[in-house]
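Below: one structure, written as C-alpha cells.
Everything quoted here is computed from the prediction, not taken from an experiment.
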Amino acid sequence: MKKIIALVMALTMVFALAACGGSGTASDPDAVTITIFNSKMEIQSQMEEMAAQYSEEKGVNVEVYYSNDTVAAHMATRYASNEPYTISMVDAKDIYSLAVDHGIDLSGEEWVEYTTQAISVDGKVLGFPVCVEARGIIYNADAIKNVTGKDFDPATIKTTEDFQAIVDELIAGGMENPTGVMKEDWSLAGHFLAEVYEQREDPDGFVSALKDGSASLIDDAKFNEMMDTFDVLKNNNYAKDAAISAEREVTEQKLAEGEIAFMFGGNWDWSVIAAYDYTENLGMMPVPNDSNDGTNEKLVGGGSKYFFIDSSEQTSDAQREAAKDFLNWLVMDEEGQDFLVNSCALVPAYSNITLPVSDPLGASVKSYADAGTLIDNYNYLPDDHYSICGASFQKYLAGQIDRAGLAEEINAYWATVE
C-alpha cells in the first residue's frame, strides 16, 4: 500500500509539472503556436534553428515560413485566404499598405525606446525594425593594395573622377577589369536607380514631378551624375561582353577573392561573399558622384525589414502576447541579441544592443549609422518599379539602349503610375 501511495504521489507531481509547462517543450499540446513569415532568404536556416530552440526553452511552438513570391503578393494571398501569420517580416512600404489595416499597435513595447527606425502611422507603432541595411560601393582593399602597393583609403574616393582614377591605376597595374555589376533587376532599379530619387532633399516632390511629367531624367543633374559613376562600373565590368549573363555568385566570388576590386551592393551581400575564400579587408563606401551636395559621403539605408503582428480574428490574444514576447526577446534578451548579430550577421537597429558586428560590410554600415551619415531609404516605390525599370536598366547594361533611351523608358514608366 505504501508503495502504491508513493507511486500515485510521484505520478501526480509529474502531471502537475506537465500541466504547468515545466518541461518547456514544444510538444505540449496546450502550448501556444505562433507562425513567423521570414522574407530574408539568407537567414532562413538560422530562423528555423532559432525557432526550434526558442520553442524548447519557452514552451511556445514557433513555426517559420519562407516564400519565393514577392512579399506584397505573398501577403495578399495569405490575407485573402484568411490565413495570416502571427508575425510577418515585410518591407517598409508594406507596413504602410498592409500593417495599417492588419497590424496591432506596438507603442507600449519595451524595445520601442531603443530604436529610431520603428515605423509609426497615425501615432501607432506598427513596424518593428529587424535590422539596418545600407547600399554603396563594396570594395576589396586587399586586392587594391596588392596591385597599387598602397593602403586603400575609401574616404579619398568622392567624385566620379576619383573613382575612374583608381580604376585606371588598377588596370595599369595588371587588374584587367576591376569592377563587377550585378545584373539583377532589384539591384539595378530597386537599389542603384532608387538613389537618384533618394539623394535629394525632397524625394516625394521629385517622384511627383516624374509622375506628372514635369521632370525629365535626361535633363536631371543627379541622374546624369549617378549614371556617370555607373558607367565607370559598366565599362570596366569583368563581364561587360556578356553583362546580362553574369551570375551574382560568380561576381561576388571574384570580389571576395580579389579578382575584382569594386561592386555596387549592400551589406546583405556578405551572406554570399562569406561562402568563398574572401580576403580580410573588405568594406563599403558611398557611391562617388559629382553632385557636390554631400551625398558622396553617405550610404543610403536605414531600417530594412520590419515585423508586424497580426490584428485579425484569426490570431488569438494569447498568440499576440506570445508574439510580443518574441519581439522583446530579440532586443532585450542576450540570447535574442546574439541571434540577430552573430547567428544572422545583421546590423541591429537598437541602441541597447552593443555586440560588435562581426562581418566587415555590416561593420561599415554600423559606422555610418552611428555617425548619422545614412540617407533615408525611399519606401514608397510601386511594387513593379524594380521589375519594369530594372528591365530597362538591363537593356542599358547590355548596350541595347543609350542613356537617353534609358531615361525615356523610366520617364514613360512613371507616367503610368497614379
Between Asn342 and Asp338, is any side-chain donor less than 3.5 angstrom from a side-chain acceptor?
yes
Evaluate the side chain to side chain contact (heavy atoms under 4.5 Å, CB included) criterion for residues Asn377 and Glu198: first the C-alpha distance (whole Å), next the side-chain angles of each, then the deciding distance (0.1 Å), finally the verdict.
CA-CA 7 Å; Asn377 294 308; Glu198 293 158 327; 4.1 Å; yes
Could you check whether Tyr278 and Trp270 have their ring centres less than 6.0 Å apart?
yes
Mind checking whether Glu83 and Gln314 have side chains closer than 4.5 Å, heavy atoms only?
no
Using a strict threshold of under 4.0 Å (side-chain N to carboxylate O), is an ion pair present between Arg78 and Asp310?
no
Please indicate whether Lys211 has more than 12 foreign heavy atoms, meaning atoms of other residues, nucleotides or ligands, lying under 6.0 Å from its NZ.
yes
Could you check whether Asp317 pairs with Arg320 (Lys NZ or Arg NE/NH1/NH2 to Asp/Glu carboxylate O, under 4.0 Å)?
yes
Would you please say whether a donor-acceptor pair under 3.5 Å links the side chains of Tyr413 and Asp384?
yes
Would you give the length of the straight line joining atom OG1 of Thr295 to atom CZ of Arg200, rounded to the nearest 0.5 angstrom?
10.0 Å
Residue pairs passing the salt bridge (Lys or Arg N to Asp or Glu O under 4.0 Å) test with at least one member in residues 93-106, sequence neighbours excluded, are Lys93-Asp383
Is atom CD of Glu408 surrounded by more than 12 heavy atoms (other residues, nucleotides or ligands) closer than 6.0 Å?
no
Is it the case that the side chains of Glu48 and Gln44 hold a donor-acceptor pair, with the cut-off being a distance below 3.5 Å and no angle test?
yes
Side chains of Ser271 and Glu42, donor plus acceptor under 3.5 Å:
no
Do His385 and Tyr197 have ring centres separated by under 6.0 Å?
yes
What distance separates Lys298 NZ from Tyr368 OH, expressed to the nearest 0.5 Å?
11.5 Å
Answer with yes or no after comparing the ring centroid distance for Phe262 and Phe163 against a 6.0 Å cut-off, counting only values under it.
yes
Within 6.0 Å of CG in Asp370, more than 12 heavy atoms from elsewhere
yes
Test of understanding: with ring-ring contact (aromatic ring centres under 6.0 Å, His included), list the residues that count as partners of Phe308, not counting sequence neighbours.
none
Would you please indicate if the ring centroids of Phe128 and Phe326 are separated by under 6.0 Å?
no
For the ring pair Phe393 and His191, is the centre-to-centre distance below 6.0 Å?
no
Between Asp142 and Asn281, do the side chains contain a donor N or O and an acceptor N or O under 3.5 Å apart?
yes
Contact check, side chains of Asn224 and Ile218, non-hydrogen atoms, under 4.5 Å
yes
Nearest heavy-atom neighbours spanning Glu225 and Ser291:
OE1-OG, 2.6 Å
Looking at Asp325 and Lys58, is any side-chain nitrogen of the basic one under 4.0 Å from a carboxylate oxygen of the acidic one?
no
CD (Gln394) and CD (Gln400) are apart, to the nearest 0.5 Å, by 9.5 Å
Under the side chain to side chain contact (heavy atoms under 4.5 Å, CB included) rule, what do Glu195 and Thr229 come out as? Steps first, then yes or no, please.
CA-CA 12 Å; Glu195 294 207 21; Thr229 300; over 6 Å; no
Let me confirm one number: the CE-CZ distance from Met226 to Phe192, rounded to the nearest 0.5 Å.
4.0 Å
With a cut-off of under 6.0 Å to the ring centre and 45° to the axis, is Lys234 in cation-pi contact with Tyr396?
yes
